[in-house]
Amino acid sequence: MRTDDLIDALAANAGPAPGGGAARRLGLTTLAGALIVLVLVLAWLHTRADLSQAMITRFFWMKAAYTALLGVAGFWACERLARPGASGRKAFWLAGVVLALYIGIALSRLMAAAPEARMPMIMGNSITNCLRNIVMLGVPMLAAALVAMRDLAPTRPALAGFAAGVFSGAVCATVYGLHCGESTMMFVGLWYTLGVLLVGALGTVVGRWVLRW
């Protein structure tokens with residue numbers, strides 16, 4: 001049998017490939033990672049003592065919405081960069097817009113506060129714990145995301161790893177909000193974001209190696 005005949009035989013009645021395969025694979029694998037993170041927060045860090053009261057405040061949901069939107073942008077970038085030759089530019093633009101809007105609102109609130117109250121609004125009470133915990137929680141989530149992307153076809157491993165890190169860090173930061181009692185937008189805008197970017201940097205380094213063909 002000639003090669004062309006073999007190709008025609010294999011392709012006969014194949015039909016189009018089902019859509020959404022990359023998103024499903026990433027979603028299922030990273031859902032497992034997110035559940036692990038939730039269990040770690042509940043069993044290791046525990047929820048904040050005033051969680052029920054905090055959940056009726058507007059800021060609690062603003063903080064969760066900010067990190068969740070970063071996670072959506074990160075997932076979108078992962079889904080795009082898992083395809084050969086695809087671009088995650090629009091997803092990164094979304095993340096940038098979300099970050100800019102949140103920081104803009106945070107800065108306006110900071111400037112409206114009394115001068116003596118501004119530094120506590122920036123520094124909070126748990127910078128070290130916040131950064132450490134988000135990064136530590138992000139490791140299992142990042143591992144799950146990289147495993148999912150490795151089975152796909154990323155052609156830019158470092159950038160794909162960064163996207164996986166941003167996605168993982170943002171999801172972990174959202175779950176971490178169940179434990180963290182910090183209550184200023186500036187603290188979240190600076191230190192939560194830095195935690196997410198640190199997981200993104202880890203994803204860049206590891207992804208350059210793990211996602212390489």
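Annotation: ring pair (Phe, Tyr, Trp, His ring centres under 6.0 Å) contacts involving residues 114-137, sequence neighbours excluded, are absent. Counting only residues at least two apart or on different chains, the side chain to side chain donor-acceptor pair (under 3.5 Å) pairs with a member in residues 189-210 are Tyr66-Thr193. Among pairs with a residue in residues 139-155, those fulfilling salt bridge (charged side-chain N to carboxylate O under 4.0 Å, His left out) read Arg25-Asp151, at least two apart in sequence or across chains.
With sequence neighbours left out, Ser126 forms a side-chain hydrogen bond (donor to acceptor under 3.5 Å, both in side chains) with Glu182. Legend: residues meeting side-chain hydrogen bond (donor to acceptor under 3.5 Å, both in side chains) with Thr174, ordered by chain and number and at least two apart, are Thr67. Residues passing the side-chain contact (heavy atoms from CB on, under 4.5 Å) test with Arg132, sequence neighbours excluded: Asn129, Met136. For Val72, there are no side-chain contact (heavy atoms from CB on, under 4.5 Å) partners, not counting sequence neighbours. For Thr47, the side-chain contact (heavy atoms from CB on, under 4.5 Å) criterion is met by Leu42, Leu51, Leu178, not counting sequence neighbours. When the side-chain contact (heavy atoms from CB on, under 4.5 Å) test is applied to Ala91, the partners found at least two apart in sequence or on another chain are Trp76, Ala77. Every residue meeting the side-chain hydrogen bond (donor to acceptor under 3.5 Å, both in side chains) condition with Arg48, not counting sequence neighbours, appears here in chain and number order: Asp50.
Side-chain heavy atoms closer than 4.5 Å link hydrophobic residues (I, L, V, M, F, W, Y) into clusters, and following such links, possibly through other members, connects Phe187 to Trp61. Phe60 and Leu69 end up in the same hydrophobic cluster when Ile, Leu, Val, Met, Phe, Trp and Tyr side chains are linked at under 4.5 Å. One hydrophobic cluster, built from ILVMFWY side chains closer than 4.5 Å, holds both Met55 and Val188. Follow the hydrophobic side-chain contacts under 4.5 Å out from Phe59 and you reach Ile105 in the same cluster. Cluster membership check: Phe75 shares its hydrophobic cluster with Leu99, using side-chain heavy-atom separations under 4.5 Å among Ile, Leu, Val, Met, Phe, Trp and Tyr.
The shortest heavy-atom contact between Val135 and Val199 is CA-CG2, 3.9 Å. Nearest heavy-atom pair across Gly195 and Leu131 is N-CD2, 3.6 Å. His179 and Val41 get closest at one heavy-atom pair: CB-CG1, 4.3 Å. Of all heavy-atom pairs between Arg109 and Arg58, the closest is NH2-NH2, 3.7 Å. Contact between Ala148 and Leu26 at its shortest, heavy atoms only, is CB-CD2, 3.7 Å.
Separating the CE atom in Met186 from the OG atom in Ser108 is a distance of 10.0 Å, to the nearest 0.5 Å. Rounding to the nearest 0.5 angstrom, the gap separating the CD1 atom in Ile122 from the OG1 atom in Thr184 is 8.5 Å. With rounding to the nearest 0.5 Å, the separation of CG in Leu197 from CG in Leu202 is 12.5 Å.
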Going by atom type alone, with no hydrogens or angles, which donor-acceptor pairs under 3.5 Å involve a side-chain atom of residues 153-173 and a protein atom two or more places apart or on another chain?
from	atom 1	to	atom 2	distance (Å)
Thr155	OG1	Gly85	N	3.3
Arg156	NH2	Ala86	O	2.4
Ser168	OG	Met141	O	3.4
Ser168	OG	Leu142	N	3.3
Ser168	OG	Ala164	O	2.7

Compile the donor-acceptor pairs under 3.5 Å between side chains in residues 111-119 and protein atoms, sequence neighbours left out, one pair per line.
from	atom 1	to	atom 2	distance (Å)
Arg118	NE	Leu110	O	3.3
Arg118	NE	Ala113	O	3.3
Arg118	NH2	Met111	O	3.0
Arg118	NH2	Ala113	O	3.3

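At a threshold of 4.5 Å between non-hydrogen side-chain atoms, the residues Ile134 and Leu194 do not count as touching. Residues Leu35 and Val39 have side chains not in contact (no heavy-atom distance under 4.5 Å, counting atoms from C-beta outward).
By the 6.0 Å contact criterion, CH2 on Trp44 is enclosed, its count of non-hydrogen atoms from other residues, nucleotides or ligands being greater than 12.
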